[in-house]
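Working notes for the structure below.
By convention here, the first residue in the shown sequence is residue 1.
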Amino acid sequence: MLASVAVMAVIGTMAPNAAADQLDDERRRVGNEISQLGDQRSNLQGQIQSQGAAVAEANAQNLAAIQALQEAEDRLAEAEAQLAAAESQLRAAEELDAQRAAELEAAEIALAKARADVAAAQAAYDSLNRRIDEEITIVTQQQGPLVNLALLLTDTSAADLNHRAQLGTTLFDASALELDEAERLRFVLDEANARADAAEKAAAEARRIAAEQLAASQAARQKAADLKAQVAALVEERNAAADAASQALAREQQIQADMEAENAAVEQRIQQRIAEANKLDSQIAERNRRLEEERRQREEEAKRQREAEAKRQREAAAKAAAAKKASQPAKKTTTTRTSTSRSQSRPAPKPAAASTSSGFVMPSGARITSRYGMRVHPVTGIYKLHDGTDFGASCGSPIRAAADGVVTERYYNAGYGNRLMVDHGRVNGYNVTTGYNHATRYTVGVGQRVKKGQTIGYVGSTGYSTGCHLHLMVWENGRVVDPMARWF
């Protein structure tokens, strides 16, 4: 009987050992698979990091192209404003030019009229002077000392002489009137000459002003033409810069899409690995439960067999003692019964201390400048999800770990710049990961454990960024969520 118990004990021992070996093999297999996944992930991280320099250069080219476009548009706007001002000045100059030309034409007409008035006044004055001279000659002849000689030498009657005397008197009176008229005409002539002189001066001034205005108009016209050429050149430069910016942006967007696809693939593999690990843990827990149940059943069976064997041995001993007693004289015996069994109570296990979350701390003390949600990207101008919370921290200020955890990712991305991700494990029913972006550099590496509040890097402006700031992200069970909704 003892031999059978020993054999069963050996068999019972072999069964758990075989199951344990099977479990160890399964653990090794899963460990190898996890190791392979880790190698694949490390290779991917290496590829992403090696791509970082190229992405950074492309991003720099993109930002330079966008800046060149902005500068070209600024110069074009300034040139167009100058052109508009020059064209306005040209229009004003042309209007003034026309006005000066009209003034010159009026001055020339006035001068011609004044000259005609002078000529007419001079002609009238000259004609009157001639008549007066003739009449003075006649009067002088009629009234002079030669009249007596004329009476002696000619056959002239007294009546003729009297008629001539009357004619002389009439001519004298008429000459006096003509002299008054001559004086008036002389005054008119002087006024006409004065007006002509003024008209001549006005015409000369009008000619000078018109010539200056014409030169100013020609200068304004030339300036407008030069500015038009400059605007045309700037338009070409702007269009070229816009094309370069568009191509660079398309290239950056493609790189960004590729990197996001890579990240999505990494997240998917991580989630698959977590699912397989969880499934394996469930299988191991179930096997352990079955093994424990089988072990307990084997122990109970072995105990029953030991108790049965002990009972048989006690019965055989009792039979042997009874036979011996029957063959010997009776004697008083004192039997002392001692309790050979002692109840042993197993102390209740101590309840484990309740696991409580230590809480998350802000990764930066700076104010929040942009929250999680849809917005227009400040660089690309695209309306898209802003997948984190921005802290307006200054360049070089420290970045702190939000909670205890392990660094799982560290690489460069065209959009997020320098990135770092920390896995905090299971917190309040969620697998939580935090991400820190745009840093100038980090002080921890992949696989390193960090403590809550520990400085893990320094704020920068790498990737698509308009200035130094920290872009904080949070993943719950591998999905991006609003960091401030639950954890801060």
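Residues forming a side-chain contact (heavy atoms from CB on, under 4.5 Å) with Thr389 (at least two apart in sequence, or on another chain): Ile368, Phe391, Asp482, Pro483, Met484. Residues passing the side-chain contact (heavy atoms from CB on, under 4.5 Å) test with Val481, sequence neighbours excluded: Val474, Glu476. Considering only residues two or more places apart in sequence or on other chains, Glu236 meets the salt bridge (charged side-chain N to carboxylate O under 4.0 Å, His left out) condition with none of them. Looking at residues two or more places apart in sequence or on another chain, you find a salt bridge (charged side-chain N to carboxylate O under 4.0 Å, His left out) between Arg207 and Glu108. A search for ring-ring contact (aromatic ring centres under 6.0 Å, His included) contacts involving Phe488 returns Phe360, not counting sequence neighbours. Remark: Tyr430 pairs with Arg486 by the side-chain hydrogen bond (donor to acceptor under 3.5 Å, both in side chains) rule, at least two apart or across chains. For Glu293, the salt bridge (charged side-chain N to carboxylate O under 4.0 Å, His left out) criterion is met by Arg296, not counting sequence neighbours. A search for side-chain contact (heavy atoms from CB on, under 4.5 Å) contacts involving Lys303 returns Arg306, Glu307, not counting sequence neighbours. Remark: Glu292 engages Arg295 in a salt bridge (charged side-chain N to carboxylate O under 4.0 Å, His left out) (not counting sequence neighbours).
Looking only at atom types and distance, the side chain of Glu301 has no donor-acceptor partner in the side chain of Gln297 under 3.5 Å away. No hydrogens or angles considered: a donor-acceptor pair under 3.5 Å links the side chains of Gln99 and Glu103.
Side-chain contact between Arg426 and Asn477 is present, with heavy atoms from C-beta onward closer than 4.5 Å. Within the 4.5 Å cutoff, the side chain of Met421 has no heavy atoms near those of the Met473 side chain. Within the 4.5 Å cutoff, side-chain heavy atoms of Arg298 are placed close to those of Glu294. Side-chain contact between Asn418 and Thr440: absent, with no pair of heavy atoms (C-beta onward) separated by less than 4.5 Å. Within the 4.5 Å cutoff, the side chain of Tyr442 has no heavy atoms near those of the Val407 side chain. Residues Glu409 and Arg419 fail the side-chain proximity criterion, which asks for heavy atoms closer than 4.5 Å. Looking only at side-chain heavy atoms (C-beta outward), Asn428 and Trp487 come within less than 4.5 Å of each other.
For residues 223-234, the set of pairs meeting the salt bridge (Lys or Arg N to Asp or Glu O under 4.0 Å) definition, not counting sequence neighbours, comprises Glu87-Lys228. Legend: disulfide bond (SG atoms under 2.5 Å apart) pairs involving residues 450-488, not counting sequence neighbours, sorted by first then second residue: Cys395-Cys468. Sorted by first and then second residue, the disulfide bond (SG atoms under 2.5 Å apart) pairs with a member in residues 198-249 form an empty list; sequence neighbours excluded.
Other residues, nucleotides and ligands contribute over 12 non-hydrogen atoms within 6.0 Å of the CZ atom of Arg290. Other residues, nucleotides and ligands contribute only 12 or fewer heavy atoms inside 6.0 Å of the CD atom of Glu105. The environment of Arg367 atom CZ is sparse: at most 12 non-hydrogen atoms of other residues, nucleotides or ligands sit within 6.0 angstrom.
Distance check: Gln230 CD to Glu78 CD gives 8.0 Å after rounding to the nearest 0.5 Å. For the atom pair CG (Leu291) and CD1 (Ile284), the distance works out to 11.0 Å, reported to the nearest 0.5 Å.
Of all heavy-atom pairs between Asp387 and Tyr372, the closest is C-CD1, 3.5 Å.
For the side chain to side chain contact (heavy atoms under 4.5 Å, CB included) with Arg410, the qualifying choice from Val444, Ile456, Val446 is Val446, the only one to do so.
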